[in-house]
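Presented below is the structure to which this report refers.
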Amino acid sequence: MNYLYHNFLTSTEIDEIHNTIFDINFPWYYAHENTVSLFDLKQEEKNFPNIVDYYQLCHVFYSEYSRYSYIPNGIISKLNLPNKILRAKVNLQGQNKNATTETYNCPHTDRDEPHLAAIYYVNDSDGFTFLFDNDNNIIHKIMPKKGSLLLFDGAIKHASGHPIKSLKRCVINFNLSNG
């Protein structure tokens with residue numbers, strides 16, 4: 001089950017989210033490890049030869065451990081799913097000249113328990129989202145398009161690719177209860 005929704009929000013909602021996240025006063029936090037610890041990264045490099053992990057900036061909107069005040073209005077309600085938000089965070093990746101269209105950060109799942117994953121694309125970028133099968137083969141490459149949302153089974157390993165031509169790649173990552 002993979003669904004890609006294009007422009008499922010109004011252009012006003014899309015711009016409101018974009019402008020809020022790219023406002024000069026929006027707080028960002030440095031994350032040296034993009035998705036996994038450096039130890040796990042070394043282990044995964046054996047299974048995924050095209051890993052080019054690189055830092056990102058993050059802001060957690062909501063998790064079990066913290067509850068911030070801002071979750072973009074409309075995204076979950078537009079999906080019309082009764083699912084509870086388990087975690088919501090925004091990731092900002094900068095341009096990486098060492099990346100290619102075939103390289104990606106460390107493939108991972110966000111949680112161990114069953115869940116749905118959703119990736120909302122805040123801006124247009126050339127940093128793909130990669131989805132992998134159980135044999136670690138790429139099954140989908142999704143180009144970020146501002147205002148689009150990718151919804152998929154959270155058990156599917158996924159990874160982001162860093163932008164090469166674009167200056168930045170920004171997504172909001174949601175983990176939702178699976179029922």
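From a predicted model like this one, the values you see are computed outputs, not experimental measurements.
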Query raised in the report: Of the options His140, His158, Arg169, which is the one that meets Thr129 in a side chain to side chain donor-acceptor pair (under 3.5 Å)?
Result: Arg169
Query raised in the report: Taking side chain as C-beta onward, heavy atoms only, is Ile21 less than 4.5 Å from Trp28?
Result: yes
Query raised in the report: Looking at Pro27 and His59, what are the two nearest heavy atoms and their distance?
Result: O-ND1, 2.8 Å
Query raised in the report: Counting N and O atoms only, with roles assigned by atom type, does the side chain of Ser177 sit under 3.5 Å from a partner on the main chain of Lys84, one being a donor and the other an acceptor?
Result: yes
Report task. Check for a donor-acceptor pair, side chain of Asn105 on one end and backbone N or O of Ala159 on the other, with a separation under 3.5 Å. Result -> no
Query - Considering all heavy atoms, the nearest Asn136-Phe132 contact - result: O-CD2, 3.7 Å
Requested in this report: Under the side-chain contact (heavy atoms from CB on, under 4.5 Å) rule, what do Glu16 and Thr10 come out as? Steps first, then yes or no, please.
Outcome: CA-CA 10 Å; Glu16 177 186 320; Thr10 67; over 6 Å; no
Query raised in the report: Leu9 and Leu176: same hydrophobic cluster, using ILVMFWY side-chain contacts below 4.5 Å?
Result: yes
Query raised in the report: Nearest heavy-atom pair of Cys170 and Leu92: which atoms, and what distance?
Result: CB-CD1, 3.9 Å
Query - Distance (rounded to the nearest 0.5 Å) between Phe130 CZ and Glu102 CD - result: 6.0 Å
Query raised in the report: Do other residues, nucleotides or ligands put more than 12 heavy atoms under 6.0 Å from the CG atom of Asn137?
Result: yes
Requested in this report: For Asn19, look at atom CG and say whether over 12 heavy atoms of other residues, nucleotides or ligands are found less than 6.0 Å away.
Outcome: yes
Query - Closest approach of Val60 to Lys89 (non-hydrogen atoms, all atoms of both residues) - result: CA-CB, 3.8 Å
Query raised in the report: When you measure from the side chain of Asn91 to the backbone N and O of Val171, does any donor-acceptor pair fall under 3.5 Å?
Result: no
Report task. Take the angle between the ring planes of Phe61 and Phe26 and call it parallel below 30°, perpendicular above 60°, tilted in between. Result -> perpendicular
Query - Any side-chain heavy-atom pair of Ile14 and Tyr120 under 4.5 Å - result: yes
Query - Test: Lys141 cationic atom under 6.0 Å from Phe128 six-membered ring centre, within 45° of axis - result: yes
Query raised in the report: Does Asn175 use its side chain to pair, donor to acceptor, with the backbone of Asp110 at less than 3.5 Å?
Result: no
Query raised in the report: Where is the tightest heavy-atom contact between Leu116 and Asp153, given as atom of each residue plus distance?
Result: CD2-CA, 4.5 Å
